[in-house]
Engineer: 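Quick one: the structure is below, questions incoming.
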There are 2 protein chains.
Amino acid sequence: MDICRQVGLNVQRIRRTRGWSQEQLAFESGLHRTYISGIERGARNPTITVLKELADALGVPASVLLESDAAAVDEEGTIAPIRSS
Amino acid sequence: MDICRQVGLNVQRIRRTRGWSQEQLAFESGLHRTYISGIERGARNPTITVLKELADALGVPASVLLESDAAAVDEEGTIAPIRSS
DNA sequence: ATGTGACTCTCAGTCCGTA
DNA sequence: TTACGGACTGAGAGTCACA
C-alpha cells in the first residue's frame with residue numbers, strides 16, 4: 001500500500017467521521033479544496049507541514065494520518081472507526 | 001515545536017540508537033547525505049514519501065517519526081528511548 | 001563525520017474550469 | 001458534493017563544494 005494512498009484513506013475516513021465536506025476541511029485547514037481532493041485520492045504527495053495542518057484541522061495527532069489503517073484511532077478517544085452504525 | 005524540527009529530532013535519536021552515521025543512513029535510505037543532515041536539523045520540509053523511505057531504512061513505522069518525542073517508541077519492541085545507559 | 005549555501009529541476013500547492 | 005484536467009508559481013528534491 002502506497003503511503004500517499006494510505007494517508008488519503010485516513011484523511012477521508014476521519015473527515016467523514018466529523019461529518020465534514022472536503023470544502024469544510026479545506027476551510028478549516030487553510031488548504032485548497034482541490035488539493036484535499038487530490039490527497040484523499042492518493043494522487044498527491046504532501047509535505048509533513050501540510051500533514052500537520054490537516055491533522056490539526058481534524059483534531060488528531062499527525063502520526064495518526066500515517067497509520068496503516070485497520071488499527072482503531074483511539075487517541076483523543078473520539079474517532080473510532082465507524083463500525084456500522 | 002515545529003513539525004520539521006520534531007521529525008529531525010526523532011530521526012536523529014533513532015539513527016543514533018542504531019549506531020549509524022548520517023552517511024550510513026543515507027546509504028540505507030537511498031537519500032543524499034547532506035539531505036539527511038538538513039532533515040535532522042529541521043531545515044528541510046520533507047514529503048511523506050521521503051518520510052516513509054527514512055522510516056523503512058530505520059525499521060520503524062513512519063508514524064513514529066512524527067511523534068512528539070518523549071513517548072517511548074514501543075512498536076516493534078526495539079527502539080526504546082536511550083534512558084542513560 | 002557533519003553543517004551550510006547555492007544551485008537545478010521536479011513537484012507541491014493554487015486556481016480556473018468541466019462533468 | 002466530488003473527481004479530474006490544465007496551467008501556473010513557489011517550494012521541495014536532490015546534489016555539490018567547502019568549511
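Note on naming: letters A, B, ... go to the chains in the order of the sequence lines (proteins, then strands), and numbering restarts at 1 for each one.
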Engineer: In this structure, how many angstroms lie between the P atom of C/dT2 and the CZ atom of B/Arg41, rounded?
Structural biologist: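 It works out to 12 Å between those atoms.
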Engineer: In whole angstrom, what separates A/Leu54's CG from C/dG13's P?
Structural biologist: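 Value for this atom pair: 10 Å.
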Engineer: Provide the closest heavy-atom pair for A/Leu51 versus A/Leu65 in the form atom of the first, atom of the second, distance.
Structural biologist: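 Of all heavy-atom pairs spanning A/Leu51 and A/Leu65, the closest is O-CD1, 3.6 Å.
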Engineer: Assign B/Ser37 to base, sugar-phosphate, or nothing according to its heavy-atom contacts below 4.0 angstrom with the strands shown.
Structural biologist: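 Answer is base: heavy atoms of B/Ser37 come under 4.0 Å of a base.
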Engineer: Looking for any heavy atom pair under 4.0 Å, which part of the strands does B/Leu31 touch: base, sugar-phosphate only, or nothing?
Structural biologist: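 It contacts sugar-phosphate atoms only.
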Engineer: Can you pull out how bent the helix from C/dT2-D/dA19 to C/dA19-D/dT2 is, comparing the axes over its first five and last five pairs, to 10°?
Structural biologist: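 Nearest ten degrees gives 40° for this helix.
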Engineer: Which nucleotide sits closest to the side chain of B/Glu23: C/dT2, C/dG3, C/dA6?
Structural biologist: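 Nearest to the side chain of B/Glu23 among the choices is C/dT2.
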Engineer: Select one nucleotide: of C/dC15, C/dA12, C/dG13, the one nearest the side-chain heavy atoms of A/Pro46.
Structural biologist: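 That would be C/dG13.
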Engineer: Mind checking which nucleotides bracket the chain A contacts on DNA chain D, 5' to 3', with an atom under 4.0 Å from a heavy atom?
Structural biologist: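 That gives a stretch of D/dT1 to D/dG12.
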Engineer: Round to a whole Å and report the spacing from OH of B/Tyr35 to P of C/dT8.
Structural biologist: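 My rounded result for the distance is 19 Å.
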Engineer: Could you state the CD-P distance from B/Gln24 to C/dT2, rounded to the nearest angstrom?
Structural biologist: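 After rounding, the gap between these two atoms is 9 Å.
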Engineer: Measure NE2/B/His32 against P/C/dA1 and give the value in whole Å, please.
Structural biologist: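 One finds 15 Å between P of C/dA1 and NE2 of B/His32, rounded.
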